[in-house]
Protein chains: 2
Amino acid sequence: MKIEKLSFADRATDLLRAEIVQGRLAPGTRLTEIDLATQLGTGRGTVRAALAALEAEDLIVKQPYTGWAVRDISQKTLWETYTLRCALEGLAARLVAGALTTEIRDALHAAFQRLEQAEASGDGGERVAADLGFHRTLVNLAGHDSLSRQYFALSNKFEWLYRWSENHWPSRIDLASWHRPIVDAVLSGDPDAAERAIREHGESSLADDLRDFAELRRQSA
Amino acid sequence: MKIEKLSFADRATDLLRAEIVQGRLAPGTRLTEIDLATQLGTGRGTVRAALAALEAEDLIVKQPYTGWAVRDISQKTLWETYTLRCALEGLAARLVAGALTTEIRDALHAAFQRLEQAEASGDGGERVAADLGFHRTLVNLAGHDSLSRQYFALSNKFEWLYRWSENHWPSRIDLASWHRPIVDAVLSGDPDAAERAIREHGESSLADDLRDFAELRRQSA
DNA sequence: TCGTTGGCGATTGTCGACAACCGCTAATCG
DNA sequence: CGATTAGCGGTTGTCGACAATCGCCAACGA
């Protein structure tokens, strides 16, 4: 049995990322190395490494000699993250559709069933988790390590925005019917159709969120 | 006048990246923090930050408690990098074609003219630089910060592979005619056509390189 | 009054020392 | 003889101390 032993720095990274992604650290929050170090019971160098990693994932920003802060969320942030995700998932869908195996079909079905169950349960947290899990599963099935790496960071950022927007305008889209076209297109084995399906999916979710974001702005103005 | 003052860590990152990308550090080369620190005349923490950054860019790999090493290059590395680049540039081409301005036309023309001049000069280094510059210009014209960020790291990796392959099998493709379809398609203002053009470009360069790579393997076997 | 300058508190940037860990070799023990 | 283990050299992992820099505010002078 191979046990993966994470360093303090890696654990600090995971912990801080979770804090941000799950919304416990609001956008704009300032982070100071010493505070985090004392809170985590670790040294400053360790925290520093974790912060640098999160900066590479574009979740926080650094101002030299001044401090770190959780990134702000703007309409452009939404647009950029959604379009980028669309491009990466398009590649993934294309690859998966072009190299179907029994394992892939099973994994996709499992991810989709989780969606259905989450929808049936009505549990908001599980709905989000199942949604994100479906997309992550699809990407990881592509057998493209670099893509999976890139997508890991991007999906965290996406999860952050997703949970943030769910707090501001809970949506009641039916997850199953929302994702079925993707599953169908990918399993059809047609790369073009698969890419088209995931793009339509991405574009309409972007449109929805931008609309809701604008609505939010208008109300608070 | 705003002067951008880089920290030692950032300069070390740039320096090490250049060493790798330009082929002065062969794939598989081991890197030890203390050696680098003494060579660069800096402390180990600084080098460590630089190495972590390069690991995030996927140019080097870390083995805990053991050491760092320049990544190896395999056929899969080529495939992954080319396909990923294709996906990102596809998004960029689509965006640029959909939002043409005079500045964009000028910048694209300038980048293309540099290609023509590089081809005419016959200078190998300048040919590579002009080729990479053209693609970077296109992506940065998309006005998509996250995309530019991601592409920055990817284009460095690509440059690394490009220069590496040029050392093993110098190609004599005509850069101007090779890239003209992209310029034409983007400037036509049709996002679909632009994406199609850059995809064909990427796919055929991948095919060429994979063929040459296989040839190289066959000869050395 | 307004712009400049000097100092101050806060935070990061850098560094070297020590601890933890890995891979290997050789000694040990059944 | 084979498997286990103890030790060793080498490298990274972690930490706290000190230096460099930034933003701010108040004192100062034209």
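Only this structure's heavy atoms are used, side chains among them; waters, hydrogens and symmetry mates stay out. Here the structure is a predicted model, which means the values were calculated and not measured. Just so it is clear: chains get the letters A, B, ... in the order the sequence lines come, proteins before strands, and each one is counted from 1.
Nearest-nucleotide mapping onto DNA chain D: of A/Gln63 and A/Thr42, the residue sitting toward the 5' end is A/Thr42. Comparing A/Pro64 and B/Asp35, the nucleotide of DNA chain D nearest to each residue sits closer to the 5' end for B/Asp35.
In this structure, of D/dG23, C/dG13, D/dT14, it is D/dT14 that holds the atom nearest to the side chain of A/Ala9. Proximity note for B/Ser7 (side chain, C-beta onward) versus C/dT14, C/dA17, C/dT12: the nearest is C/dT14. Here the nucleotide nearest the side chain of B/Thr66, chosen from C/dT12, C/dC15, C/dC22, is C/dC22. Closest approach to the A/Arg30 side chain among D/dA17, C/dT11, D/dT12 is made by C/dT11 (side chain taken as heavy atoms from C-beta onward).
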Next on the checklist: As a quick check of understanding, evaluate salt bridge (charged side-chain N to carboxylate O under 4.0 Å, His left out) for B/Arg17 and B/Asp14, giving each step before the final call.
Outcome noted: CA-CA 5 Å; B/Arg17 178 172 35 234; B/Asp14 292 342; 2.7 Å; yes
Checklist entry - salt bridge (charged side-chain N to carboxylate O under 4.0 Å, His left out) between B/Arg199 and A/Glu195: does it pass, once the steps are laid out? => result CA-CA 14 Å; B/Arg199 281 211 183 172; A/Glu195 183 175 11; 2.4 Å; yes
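Formation of a donor-acceptor pair under 3.5 Å by the B/His201 side chain with backbone atoms of B/His179 is not found in this model.
For A/Arg48, a side-chain nitrogen or oxygen approaches OP1 or OP2 of C/dG13 to under 4.0 Å.
Counting non-hydrogen atoms under 4.0 angstrom, B/Leu31 reaches the backbone sugars and phosphates but no base.
Between the P atom of C/dG16 and the CD atom of B/Glu33 lies a distance of 14 Å, rounded to the nearest Å. If you measure from atom OH of B/Tyr65 to atom C1' of D/dT11, you get 10 Å, rounded to the nearest angstrom. Atom P of nucleotide C/dG16 and atom CG of B/Leu40 are separated by 13 Å, given to the nearest angstrom. Look at CZ on A/Arg44: it is 12 Å from P on D/dC15, rounded to the nearest Å. Following rounding to the nearest Å, B/Leu36 (CG) and D/dT11 (P) show an atom-to-atom distance of 12 Å. Rounded to whole angstrom, the span from the CZ atom of B/Arg11 across to the P atom of C/dG13 amounts to 14 Å.
B/Phe213 and B/Trp169 have perpendicular rings, their planes meeting at more than 60° on a 0 to 90° scale where under 30° would count as parallel. Ring planes of B/Tyr162 and B/Phe158: perpendicular class, angle over 60° (limits at 30 and 60°).
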